[in-house]
Protein chains: 4
Amino acid sequence: MRDGTATKNKINRVAMELFAEQGVTETTTKDIASGAGIAEGTIYRHYKSKDELVKKLFLSLYEEQGNYLRDIAASEKDPKQKIADMIARFCQLFAEDKALFTFLLLTQHGQLKEVPDDMVTPVVVLRDMIAQGQGIGIIKQGDPDLMAAMVLGVVVQPAVFHVYGRLTQDYKSFTQDLTEAAWGVLGLT
Amino acid sequence: MRDGTATKNKINRVAMELFAEQGVTETTTKDIASGAGIAEGTIYRHYKSKDELVKKLFLSLYEEQGNYLRDIAASEKDPKQKIADMIARFCQLFAEDKALFTFLLLTQHGQLKEVPDDMVTPVVVLRDMIAQGQGIGIIKQGDPDLMAAMVLGVVVQPAVFHVYGRLTQDYKSFTQDLTEAAWGVLGLT
Amino acid sequence: MRDGTATKNKINRVAMELFAEQGVTETTTKDIASGAGIAEGTIYRHYKSKDELVKKLFLSLYEEQGNYLRDIAASEKDPKQKIADMIARFCQLFAEDKALFTFLLLTQHGQLKEVPDDMVTPVVVLRDMIAQGQGIGIIKQGDPDLMAAMVLGVVVQPAVFHVYGRLTQDYKSFTQDLTEAAWGVLGLT
Amino acid sequence: MRDGTATKNKINRVAMELFAEQGVTETTTKDIASGAGIAEGTIYRHYKSKDELVKKLFLSLYEEQGNYLRDIAASEKDPKQKIADMIARFCQLFAEDKALFTFLLLTQHGQLKEVPDDMVTPVVVLRDMIAQGQGIGIIKQGDPDLMAAMVLGVVVQPAVFHVYGRLTQDYKSFTQDLTEAAWGVLGLT
DNA sequence: TATGAATGAGCCTTCATTCAT
DNA sequence: GATGAATGAAGGCTCATTCAT
């Protein structure tokens, strides 16, 4: 194969799934290689180290999520609807790719400090949107960083429980309840 | 010392702190031993393996939290106040011992499956309390497991952000906001 | 065994011999371990890395040679006799421990730059002795560093040939010839 | 390019320089390839293996030096002058191409055993010349192999020191001193 | 109970070599 | 002849665990 892109994509996908399943440290380069159907050394043609693989994977996926939310935040809709859209999108994403979410979740401890200051992250987008809503008097007052954290918690914690098997229904069926809860937190009536 | 209890306590405390700081896999038995001022082999007089240390540490601390919440839930107060008390207690705990919370947080991914069915956990206590509140018509209807997850998220996610340095104020100052948000989620007016 | 000194000595000796025989890079930590009859990991209880092992081994042996020569240089004899004594000592050393010499020889490229400025090395002792002999008019004039190099060459190069099998007689039988040649270089009649 | 000669020459030159600088084992085929501005695989169009590259490089360069000396030895001059000419030539060579000398020096340990018996090497030429001089009573008696080694040492060791930075003057300025020292070793008055 | 030297399986990584293009 | 992605054996090193003292 002249072009190594397919190989790199395979590495990325397999690595993410294994990291999600067993944790980063617990996943060996051998695991990744055999999962991707390649030799162990091949990983190192695409990444300088396992560490770089983890870092780049996290950062690119994390930013991707930020971009999705930013697009929603940029729409013409009112804050209440934007929150609903974001949550709907999150539920769908999670239902479609639980591994992605799990990877992001358990890699953050250790990687979050690597996030460049100017990166568009889900948290920043949410916080800005809340601040905006407060500006026009629709969202109740309070530290927007704290409120963003709380809204995120409302959405993420059930997902965590889902990952751990404590909640088993299709995640999309939670969309309505999660949305209402988020509204409750923000004082959106 | 004839009695090894002091040694064991030192191991427990140091281990928890190191686990919280660097992660479980990243913490070596050597780290723990030198942190506790003992020889490496001594750990194995108190625990069969590092794995057992992690497991027992997690379960005992996790259960301890459950017991605290259970005591609050058993009081005579009404659900709304109980929620407030629980959150106040969580905020205080977190402010006093961030390492404990961090340890519990990032160890759950591997240990939650080890929790015996009959153990009193924070989640179970919260869920039962919500169900009870729904029974007497004070808390709004909905899957109590999901609602417990959401309330937990409201409280835990800001703590996570605090651990990651994204929120820096004294955690106890959030108590009021967190309580109101939890009420909002549960439809407690 | 309570005391790891014997193990460390074994490592040192075996490492030196293998390094001399096959080169440093070509000698694996596994080679050393199995040669010393220990586990691979044991090496790392005594040295932080293979690199440190090489460095410390070289430096300590190199300095030891310097000390021997320094003792000879400190004697009451005249320069001509001192040269003879040094060469006699070198011949004996080489005859007794070819591996030591070979190790020193082929490790210098790479380690010589690690020698601290204040270390007593064979070269420095020789150079100072030559300078002294020049001072009292017994040794002919010229850059003492260059002359030290030449005298060293006279003694060392035959040893190198011996190592490579190009000279096969007992090295001590060369003592007289080497001494006269060294005198010739220094103009000692 | 139809003809790969230019590529091969580039490989040879770059390899020699890198080998001299960092050692053979420490130099990777990747280093050589990127230094020569070619792809890694291309080396294998010209050499069966890295090992073969080292071997052929060493032997051809080593023999080349032997040929130079042989030409000098074949002249009409007297032994004393021949020695002077050889040393002058060595000094010039070293001054012009330190890498070549260094490569030859530190590769000998592994390659000398590969030298065919009938090859004209610097050592053999020197030895024969000494024997001849002894035959006509100009050079003092003694094992010619040993004497060749000593003369070589006089010339080579200062060069080694130069490589290691212990001697820093222009090497050609040593010519006269080296020559006199060699004469001293051989008893040429 | 406590020690700490020793173990050895296994991890991450390097690198000479191959081969389809 | 040249390329460069892929290979896989092997190397240095770590670390949970054991055991004689």
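Every chain is numbered from 1, with letters handed out A, B, ... down the list of sequences. Since the structure is predicted, the reported quantities are computational estimates derived from the model, not experimental observations.
Taking side-chain N and O atoms only, C/H46 has no distance below 4.0 Å to OP1 or OP2 of E/dA5. In this structure, A/T7 reaches the F/dA6 phosphate: one of its side-chain N or O atoms is under 4.0 Å from OP1 or OP2.
With rounding to whole Å, B/D31 atom CG is found 13 Å from F/dT14 atom P. Between the CG atom of B/L53 and the P atom of F/dA16 there is a distance of 11 Å, given to the nearest Å. Separating the NZ atom of C/K8 from the C1' atom of E/dG4 is a distance of 15 Å, rounded to the nearest angstrom. One atom, NZ of C/K55, and another, P of F/dG12, lie 15 Å apart when rounded to the nearest Å. Between the CD atom of C/E52 and the P atom of F/dG12 there is a distance of 15 Å, rounded to whole Å.
Remark: DNA chain E forms stems of 3 or more consecutive Watson-Crick or G-U wobble pairs, all pair distances under 3.5 Å, at E:2-21 with F:2-21.
Here the CD-CG distance, from D/E64 to D/N67, works out to 7.5 Å after rounding to the nearest 0.5 Å.
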Please list, one pair per line, the donor and acceptor atoms closer than 3.5 Å that link side chains of residues 11-27 of chain C to other protein atoms, with sequence neighbours excluded.
unit_1: C/N12; atom_1: OD1; unit_2: C/Y47; atom_2: OH; d: 2.6
unit_1: C/R13; atom_1: NE; unit_2: C/E17; atom_2: OE2; d: 2.8
unit_1: C/R13; atom_1: NH1; unit_2: C/D97; atom_2: OD2; d: 3.0
unit_1: C/R13; atom_1: NH2; unit_2: C/E17; atom_2: OE2; d: 3.0
unit_1: C/R13; atom_1: NH2; unit_2: C/D97; atom_2: OD1; d: 3.2
unit_1: C/Q22; atom_1: OE1; unit_2: C/T27; atom_2: OG1; d: 3.4
unit_1: C/T25; atom_1: OG1; unit_2: D/E26; atom_2: OE2; d: 2.6
unit_1: C/E26; atom_1: OE2; unit_2: D/T25; atom_2: OG1; d: 2.6
unit_1: C/T27; atom_1: OG1; unit_2: C/L18; atom_2: O; d: 3.3
unit_1: C/T27; atom_1: OG1; unit_2: C/G23; atom_2: O; d: 2.7

N/O donor to acceptor pairs below 3.5 angstrom from side-chain atoms of residues 104-113 of chain B, sequence neighbours left out:
unit_1: B/T107; atom_1: OG1; unit_2: B/F103; atom_2: O; d: 2.4
unit_1: B/Q108; atom_1: NE2; unit_2: B/L105; atom_2: O; d: 3.0
unit_1: B/K113; atom_1: NZ; unit_2: B/G110; atom_2: O; d: 3.3

Distance-only donor-acceptor hits, side chain of residues 39-46 of chain A, under 3.5 Å, sequence neighbours excluded:
unit_1: A/E40; atom_1: OE2; unit_2: A/T29; atom_2: OG1; d: 2.7
unit_1: A/T42; atom_1: OG1; unit_2: A/A39; atom_2: O; d: 3.4

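Among the atoms of the strands shown, none is found under 4.0 Å from any heavy atom of D/I43.
The neighbour count for B/K56 NZ, taken as heavy atoms of other residues, nucleotides or ligands under 6.0 Å away, does not exceed 12.
Between C/G35 and C/K10, the closest heavy-atom pair is O-NZ, 4.2 Å. Closest approach of D/V160 and D/F101 over heavy atoms only: N-CE2, 4.2 Å.
C/K55 is linked by a salt bridge (Lys or Arg N to Asp or Glu O under 4.0 Å) to C/D51, C/E114, counting only residues two or more places apart in sequence or in another chain.
Put simply, the side chain of D/D31 gets close to the backbone of D/T28: a donor and an acceptor are under 3.5 Å apart.
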Practice task
Produce a footprint string for nucleotides 13-19 of chain E: one letter per nucleotide, 5' end first; B if the base is under 4.0 Å from any protein heavy atom, S if only the sugar-phosphate is, - if neither.
Solution key: BBSBBB-
